[in-house]
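Notes follow the structure.
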Amino acid sequence: QMFVGDRLFLKVGLGLAQVDQDDVRFTSWGPAVMGGVGVELIQGWHWSFDVESTLTGARYTVGNTDETWLNWSLVNFAINFF
């Protein structure tokens with residue numbers, strides 16, 4: 001997470017993901033990326049409350065087929081402890 005102003009921030013994340021859905025029997029673990037932008041609404045000494053928008057993408061192997069799944073969250077509220 002990187003601040004580009006006093007309260008405005010950009011965030012990027014990398015990780016692993018796996019599908020867990022009723023109509024999918026098995027998926028292997030695959031790479032996932034996340035990016036977002038947000039604003040801290042309240043800043044405390046060791047915590048903050050923010051609103052953010054994120055886009056997450058992951059690539060899975062379902063059987064013999066590779067699939068890419070995307071998830072966009074327009075409004076997320078988050079409490080951060082540090």
Side-chain angles (χ1 to χ4, degrees):
Q1 182 168 313
M2 178 181 78
F3 283 86
V4 293
D6 286 341
R7 296 182 183 266
L8 180 67
F9 61 86
L10 302 173
K11 61 175 23 180
V12 176
L14 301 172
L16 294 173
Q18 184 180 35
V19 173
D20 183 12
Q21 188 172 321
D22 292 340
D23 61 343
V24 177
R25 292 178 186 230
F26 172 76
T27 64
S28 62
W29 288 93
V33 295
M34 183 272 298
V37 61
V39 175
E40 281 191 344
L41 301 175
I42 302 171
Q43 294 176 327
W45 284 103
H46 298 290
W47 64 276
S48 66
F49 178 70
D50 62 56
V51 61
E52 61 188 35
S53 178
T54 59
L55 176 66
T56 305
R59 185 142 181 95
Y60 305 96
T61 301
V62 180
N64 294 327
T65 307
D66 288 336
E67 295 184 13
T68 302
W69 292 33
L70 295 174
N71 179 39
W72 178 48
S73 298
L74 180 60
V75 177
N76 294 322
F77 292 98
I79 297 174
N80 303 293
F81 297 97
F82 45 87

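In summary, E52 and K11 engage in a salt bridge, as defined by a charged side-chain N under 4.0 Å from a carboxylate O.
One hydrophobic cluster, built from ILVMFWY side chains closer than 4.5 Å, holds both V51 and F81.
A side-chain donor-acceptor contact under 3.5 Å links E40 and S48.
Atom CE of M2 is separated from atom CG of L10 by 5.0 Å, given to the nearest 0.5 angstrom. I42 contributes atom CD1, which lies 12.0 Å from atom CG of N80 (distance to the nearest 0.5 angstrom). Note that CZ of F49 and CH2 of W47 are 8.5 Å apart. Values are rounded to the nearest 0.5 Å. Residue W72 holds its CH2 atom at 9.0 Å from CG of L55, rounded to the nearest 0.5 Å.
Counting all heavy atoms, side chain and backbone alike, V39 lies closest to F9 at N-CE2, 3.6 Å. The shortest heavy-atom contact between G38 and L8 is O-CD1, 3.3 Å. A pairwise comparison of heavy atoms in M34 and T54 identifies SD-CG2, 4.1 Å as the closest pair. In terms of heavy-atom proximity, T68 sits nearest to R59 at OG1-NH1, 2.6 Å.
Between Y60 and W69, the ring planes lie perpendicular to each other; the angle is over 60°, past the 30° to 60° tilted range.
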From CA spacing to verdict: side chain to side chain contact (heavy atoms under 4.5 Å, CB included), V33, T56: CA-CA 6 Å; V33 295; T56 305; over 6 Å; no

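Here the side chain of S53 pairs a donor or acceptor atom with the backbone of S73 at under 3.5 angstrom.
For the pair L41/D50, no side-chain contact is recorded, criterion being any heavy-atom separation below 4.5 Å from C-beta on.
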